[in-house]
Amino acid sequence: MTMAFKIDAALLKDLDNPPVELLKDLMNKQDSRVARFDKLDNYYLGKHAIMDRTLSSNQAHDNRVMVNYAKYVTDMVVGMMTGRPITYVAQDGGPVDPITRAFTRMDIAAHDTDLEHDLSCYGVAYEMLYLHVVDATTTEERIATLDPRRTFVVTDDSEDENYLFGVYWVPKFKLNGTEDGALVSVYTPHSLIQYRTVSGHIVDGSNNAEGYPRYSSHYWGSEPITEVLNNRQQQGDYEQLISQIDAYNSLQSDRITDKDNFVDAILLAYGTAIEGNLAKRKMLDDLPAKDEGTSIEWLTKTLDESQQQVLADSITADIHEMSNVPNMNDENFAGNVSGEAMKYKLFALLNLISSKEPLLKKAIRRRLELMQNMLNLKEQNVDVTDIKIQFTLNIPINMSDVITNIKNADGIIPRLISYGWLPDDYDPKKLVELMKEQTADQIKTQKEAMGGEPQAPDTDNDEQEGFRDDQGKGDRDQDVRKSANGDD
């Protein structure tokens, strides 16, 4: 279940140096996918088929109306999945601080949004971890989203689909804008091999610039390009809707064209003639006298807006139903609907998200393992074995319910986990520390209120002694009252 190319690993003599003939063949196969990716990208950008429509030359108007449902579907899915940052919780309290600090530095939330955007558009996405050189002794971990049109990974043909190597290329251009070959990077389990082509991007023994290929080592423990799938079918979220989107665009374009043609109606004169041009605001009654039996009228096309609107509503409903993305402008999404009630209205979209999450979590798990390899090499002691990857969907949240659930779970579920239920980018470990500090402050305040340690070290001792004397006097007065009443 992968878009990666599969090969028999036993046929490779050296995993860290794939044959040029193999690279050439795989890059040609990747090129056959580009047309599909380009079409999906164009539909997100609003470059739909309707924009290239041409009508007959005698057509007075040719309106092209584009309603970008492709962008609507993707933006809704991306906002739902990554509108709130993904959180990482160490269930056994293991060390993860170096990873969370690195993720914060590389703005991982923005990266995850870009990654999910590619998943929704293309059905597949690629990310790559790399090291950025800060100075002669310091490097920083970085992450990048790679264009699916110029990236692919290769796995073995086993059930585990083990990564063998990954390839991506960057087109190069001269200062005048003309093409100047490409830089092709091949990542193997331990090496980076770079080819610089003279023309095009296909690696060939006769297409290398001088000084290439170049070899260097990397230390991620595996090839650092990770492939992420949107679903088992490897399709984008609006890919199956393109025909419906085209139909809606065509209908709306024709409606506007018909309106324009209606305005430009033809004036017919029966049994008479109109000499010259009819001036604006000139009434037909002001024309020269007509013979009996003559008539003048407009030739117009009858417009049945009600039928057209029924058809438009039907196509719109099909788009929302097949995409599992609801129409947020629908009257069912009132502003006073509670968060829980909203979940029922978003049920289809939530099901779509639930099918996408496991595949994204699998890729993030590999990201964590690569980060662990690198950080442990830098002696930062990281263990990602029991890290929980937690998604918080970007929907209205009833905070009182969340807090109630956390309180009810106290003593049953560790706080390090239950605090992860909170929305937004809260760090559960930090919250546990803050709660400990708050509890200590509360205990200190209670002791002070009960006559314990003074709140401030410079409090007047005489006042404290006076408080104790008054308290003793009150106790003696109480004993005198008990004796007067005959009490023991």
Who passes ring pair (Phe, Tyr, Trp, His ring centres under 6.0 Å) against [X], sequence neighbours left out?
X	result
Phe152	Phe5
Tyr130	none
Tyr44	His117
Tyr43	His48

Would you say that [X] contacts [Y] through its side chain, given a criterion of any heavy-atom pair below 4.5 Å between the two side chains?
X	Y	answer
Thr197	Trp169	no
Ile387	Arg365	yes
Met374	Leu131	yes
Arg255	Gln309	yes
Leu359	Asn230	no
Tyr238	Cys121	yes
Ile417	Pro428	no
Asp237	Val325	no

Return the [atom1] to [atom2] distance between [X] and [Y], rounded to the nearest 0.5 Å.
X	Y	atom1	atom2	answer
Arg366	Leu368	CZ	CG	12.0 Å
Asp157	Leu164	CG	CG	9.0 Å
Met27	Ser32	CE	OG	12.5 Å
Ile242	Tyr69	CD1	OH	16.0 Å
Arg196	Asn207	CZ	CG	10.0 Å
Ile143	Arg367	CD1	CZ	4.5 Å

(request) Step through the shown structure and confirm whether more than 12 heavy atoms of other residues, nucleotides or ligands are within 6.0 Å of NZ on Lys361. (result)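 Yes, NZ of Lys361 has more than 12 neighbouring heavy atoms, counting only those of other groups under 6.0 Å.
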
(message) Heavy-atom count check: over 12 atoms from other residues, nucleotides or ligands less than 6.0 Å from Gln240 CD?
(response)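 Not more than 12 within 6.0 Å, no.
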
Look at the side chain of [X] and the backbone N and O of [Y], then say whether any donor-acceptor pair between them is shorter than 3.5 Å.
X	Y	answer
Asn405	Ala409	no
Glu227	Val153	no
Thr226	Glu127	no
Ser250	Ala247	no

(request) Could you walk me through whether Ile389 and Leu360 pass side chain to side chain contact (heavy atoms under 4.5 Å, CB included), step by step? (result) CA-CA 10 Å; Ile389 303 167; Leu360 183 53; over 6 Å; no

(message) Restricting to salt bridge (Lys or Arg N to Asp or Glu O under 4.0 Å), what partner residues turn up for Asp410, sequence neighbours left out?
(response)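 Arg415.
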
Taking all non-hydrogen atoms of both residues into account, name the closest pair between [X] and [Y] and its distance.
X	Y	result
Ser355	Leu352	OG-O, 2.6 Å
Leu370	Ser222	CD2-CB, 4.0 Å
Tyr168	Ile225	CD2-CD1, 4.1 Å
Arg64	Ile50	CD-O, 3.3 Å
Ser185	Gln194	OG-NE2, 3.4 Å
Thr145	Asp114	OG1-CB, 3.9 Å

Any luck finding a side-chain donor-acceptor pair between [X] and [Y] under 3.5 Å?
X	Y	result
Tyr122	Asp41	yes
Asn373	Glu369	no
Asp160	Ser158	no

(request) Give a yes or no on whether a salt bridge exists between Arg53 and Asp246, defined as a side-chain N under 4.0 angstrom from a carboxylate O. (result)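 Salt bridge flag = no for Asp246 with Arg53.
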
How would you list all residue pairs meeting salt bridge (charged side-chain N to carboxylate O under 4.0 Å, His left out) that involve [range], not counting sequence neighbours?
range	value
residues 66-83	Lys71-Asp75
residues 115-126	Glu116-Lys356
residues 167-179	none

(request) Can you tell me which residue pairs pass the side-chain hydrogen bond (donor to acceptor under 3.5 Å, both in side chains) test with a partner in residues 314-326, sequence neighbours excluded? (result)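 Output for this query is empty, none listed.
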
For residues 102-110, which side-chain donor-acceptor pairs fall under 3.5 Å, sequence neighbours excluded?
| from | atom 1 | to | atom 2 | distance (Å) |
| --- | --- | --- | --- | --- |
| Thr104 | OG1 | Thr100 | O | 2.9 |
| Arg105 | NH2 | Glu141 | OE1 | 2.7 |

(request) Evaluate side chain to side chain contact (heavy atoms under 4.5 Å, CB included) for Gln30 paired with Arg33, printing each intermediate quantity in order. (result) CA-CA 5 Å; Gln30 175 66 13; Arg33 301 172 171 178; 3.2 Å; yes

(message) For Ile245 and Val67: C-alpha separation, side-chain torsions, deciding distance, then whether side chain to side chain contact (heavy atoms under 4.5 Å, CB included) applies.
(response) CA-CA 8 Å; Ile245 294 172; Val67 181; over 6 Å; no

(message) List the residues meeting side chain to side chain donor-acceptor pair (under 3.5 Å) with Asp52, not counting sequence neighbours, and say none if there are none.
(response)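 Per chain and number, Asp52 pairs via side chain to side chain donor-acceptor pair (under 3.5 Å) with no residue.
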
(request) Given side chain to side chain contact (heavy atoms under 4.5 Å, CB included), test Phe173 with Asp180 step by step and report yes or no. (result) CA-CA 5 Å; Phe173 300 90; Asp180 189 26; 5.6 Å; no

(message) Suppose we screen for side-chain contact (heavy atoms from CB on, under 4.5 Å). Which residues come up paired with Asn408, at least two apart in sequence or across chains?
(response)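 Asn408: side-chain contact (heavy atoms from CB on, under 4.5 Å) contacts with Thr404.
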
(request) Using the side-chain contact (heavy atoms from CB on, under 4.5 Å) rule, pick out the option among Asp31, Val184, Asp25 that qualifies with Ile202. (result)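 Answer to the side-chain contact (heavy atoms from CB on, under 4.5 Å) test with Ile202 among Asp31, Val184, Asp25: Asp31.
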
